[in-house]
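This report concerns only the one structure given below.
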Amino acid sequence: MNKIVTLQQSVMAEDEKFAAAIRDRNTRMGLLMVNIIGSPGCGKTTLLEKTALHAGLSMAVIEGDLATDRDAERLARLGVPVVQINTKGGCHLEANVVEKAMESLPLDTLDVLFIENVGNLVCPAEFDLGEDFKVAVLSAPEGADKPLKYPYLFTSAKAVLLTKTDLLPHLSFDMEMFAEDTRKLNPAAPVFHVDSLSGAGIEQWVGFIKLKAKEKKANVR
Amino acid sequence: MHELSLADAIVSALLKMCEDEAWGRVKKVRLRVGALRQVFPEMLEFAFSTVVKDTALSGALLEIEEIPLEWRCLECGNRWREDSGVCPLCGSFNRETLAGMELEIHSVEVEET
Ligand SMILES: Nc1nc2c(ncn2[C@@H]2O[C@H](COP(=O)(O)OP(=O)(O)OP(=O)(O)O)[C@@H](O)[C@H]2O)c(=O)[nH]1
Ligand SMILES: [Mg+2]
Ligand SMILES: [Zn+2]
Ligand SMILES: [Zn+2]
């Protein structure tokens with residue numbers, strides 16, 4: 001005889017406990033946590049470097065990469081507190097490792113903690129890290145059709161960043177389609193256009209983060 | 001890669017329950033997966049069958065129920081299932097996702113001991 005046990009349990013239930021604990025603590029501390037997700041090489045680290053150079057934001061970064069600590073070194077050089085996580089083949093970060101990484105950061109001095117997730121448009125979007133929100137990063141050379149091809153990320157992100165806009169003159173990037181598809185998937189999300197080389201658009205992006213960090217602090221207690 | 005890490009997550013969750021609940025042999029696992037989850041069922045089934053080898057779940061079958069996308073318009077209340085997040089009735093973008101985000105172990109079939 002077989003019996004059927006009904007569970008109706010999320011696949012990520014175990015990890016969601018860690019995510020909930022992180023979210024709880026961040027709420028108590030008034031610390032904003034932002035999960036940055038995009039393809040390999042879309043410009044996540046460069047964006048964070050530019051963000052760090054912007055005065056008036058106390059930030060730290062948790063770097064997720066398959067291997068090497070190059071991205072962490074780049075940020076450490078700028079004086080940003082940073083922890084590198086090597087996933088050794090794992091294609092996304094999980095909350096349990098993020099919680100451990102947070103132990104070595106000066107959390108009470110921070111306005112915002114950025115997580116640079118492993119370069120990948122699929123799994124990172126599915127694993128809750130306890131962040132306040134996800135940001136979807138797409139670089140212009142990847143093409144305007146990506147939002148519809150990776151709808152989960154673009155639906156669940158709170159903001160969308162189009163990077164490498166300096167390259168637009170060399171590409172046949174369909175800006176209208178990109179704007180339309182992004183709006184269809186996620187009408188509420190602001191879309192930022194940034195060129196991290198010249199710094200164009202960084203101001204607006206940092207302004208958005210500052211606003212969110214302020215809101216988070218104001219909601220303590 | 002994606003399916004493999006999901007299979008890993010499913011199997012570790014199940015192995016823990018298996019131990020906690022002292023289940024007998026697990027014959028079948030029913031999973032509900034929303035359309036937005038970007039899961040390719042055959043690949044996930046295959047990944048699952050690989051991951052369960054030499055575990056207490058060895059031989060268990062994965063059965064995947066795909067849940068189509070469903071939106072509800074917050075302006076006019078209309079419900080629709082097409083890919084587009086725009087309300088086909090009133091053209092509003094203001095909507096909520098009713099279904100399509102699931103990733104849930106619905107039930108397991110175990111041998112009674
Ligand atoms: N033209 C141009 N190049 C950029 C821009 N942003 C980043 N790059 C270049 O793109 C390459 C990858 O940038 P990274 O910032 O390392 O990208 P990443 O997303 O952190 O990469 P991974 O962490 O390896 O996934 C580098 O050569 C950068 O110089 C930009 O706005 N414009
Ligand atoms: Mg990087
Ligand atoms: Zn993956
Ligand atoms: Zn409507």
Side-chain angles (χ1 to χ4, degrees), chain A residues 1-19 40 64 66 87-97 117-128 146-157 177 179-189 191, chain B residues 1-18 21 23-40 44 48 69 71 74-75 82-87 91-97 100-113:
Chain A
M1 263 298 282
N2 294 339
K3 67 169 173 179
I4 299 203
V5 188
T6 303
L7 298 162
Q8 295 187 334
Q9 186 195 305
S10 159
V11 167
M12 277 74 160
E14 213 32 53
D15 212 51
E16 277 162 8
K17 286 182 203 154
F18 285 97
L66 294 173
T87 58
K88 303 194 176 71
C91 40
H92 58 266
L93 289 175
E94 291 180 16
N96 56 8
V97 282
N117 220 311
V118 180
N120 175 347
L121 286 173
V122 186
C123 333
E126 313 219 359
F127 289 80
D128 185 7
K146 294 304 170 289
L148 279 193
K149 286 190 177 169
Y150 299 92
Y152 189 83
L153 172 60
F154 286 85
T155 303
S156 54
M177 178 168 97
E180 176 71 13
D181 290 351
T182 309
R183 202 159 71 101
K184 266 185 201 166
L185 290 168
N186 196 338
V191 180
Chain B
M1 192 118 128
H2 175 53
E3 276 76 6
L4 195 56
S5 61
L6 286 183
D8 258 333
I10 296 164
V11 171
S12 27
L14 285 169
L15 284 175
K16 187 162 181 301
M17 286 185 246
C18 221
E21 310 292 326
W23 288 337
R25 250 175 75 79
V26 177
K27 310 284 283 185
K28 198 183 271 178
V29 177
R30 294 191 52 213
L31 193 73
R32 301 179 77 234
V33 181
L36 280 172
R37 288 289 180 166
Q38 309 167 95
V39 167
F40 189 58
L44 183 55
F48 181 85
L69 202 57
W71 311 100
L74 292 175
E75 303 293 335
E82 288 91 278
D83 245 16
S84 157
V86 189
C87 174
S92 168
F93 290 103
N94 190 10
R95 42 82 180 137
E96 61 179 348
T97 315
M101 305 281 252
E102 299 76 4
L103 190 58
E104 172 187 293
I105 303 170
H106 180 261
S107 61
V108 290
E109 197 175 318
V110 295
E111 240 167 40
E112 249 171 325
T113 40

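Per chain, numbering begins at 1; letters A, B, ... match sequence-line order. Basis for what follows: all heavy atoms, side chains included, without hydrogens, waters or symmetry-related copies.
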Which bit of B/Ala13 comes within less than 4.5 Å of chain A, counting heavy atoms only: side chain, backbone, both or neither? side chain
List the atom pairs, with distances to 0.1 Å, where a side-chain N or O of residues 31-39 of chain B and a protein N or O form a donor-acceptor pair under 3.5 Å, not counting sequence neighbours.
residue, atom, partner, partner atom, Å
B/Arg37, NE, B/Met101, O, 2.8
B/Arg37, NH1, A/Glu126, OE1, 3.1
B/Arg37, NH1, A/Tyr152, OH, 3.4
B/Arg37, NH2, A/Tyr152, OH, 3.2
B/Arg37, NH2, B/Met101, O, 3.1

Inter-residue atom distance B/Ile105.CD1 - A/Met12.CE, 0.5 Å rounding: 10.0 Å
Let me confirm one number: the CD-CD distance from B/Glu104 to A/Gln9, rounded to the nearest 0.5 Å. 9.0 Å
Pairwise distance NZ(B/Lys27) to CD1(A/Ile4) - rounded to 0.5 angstrom: 12.5 Å
Which bit of B/Lys16 comes within less than 4.5 Å of chain A, counting heavy atoms only: side chain, backbone, both or neither? side chain
Determine the minimum heavy-atom distance between A/Val11 and B/Leu6, stating which atoms define it. CG1-O, 4.4 Å
How long is the gap from NE2 on B/His106 to OG1 on A/Thr6, to the nearest 0.5 Å? 5.5 Å
Which region of A/Asp181, side chain (C-beta onward) or backbone (N, CA, C, O), has a non-hydrogen atom less than 4.5 Å from a non-hydrogen atom of chain B, or is it both or neither? neither
Residues that A/Lys17 engages under side chain to side chain donor-acceptor pair (under 3.5 Å), provided they are two or more places apart: A/Glu14
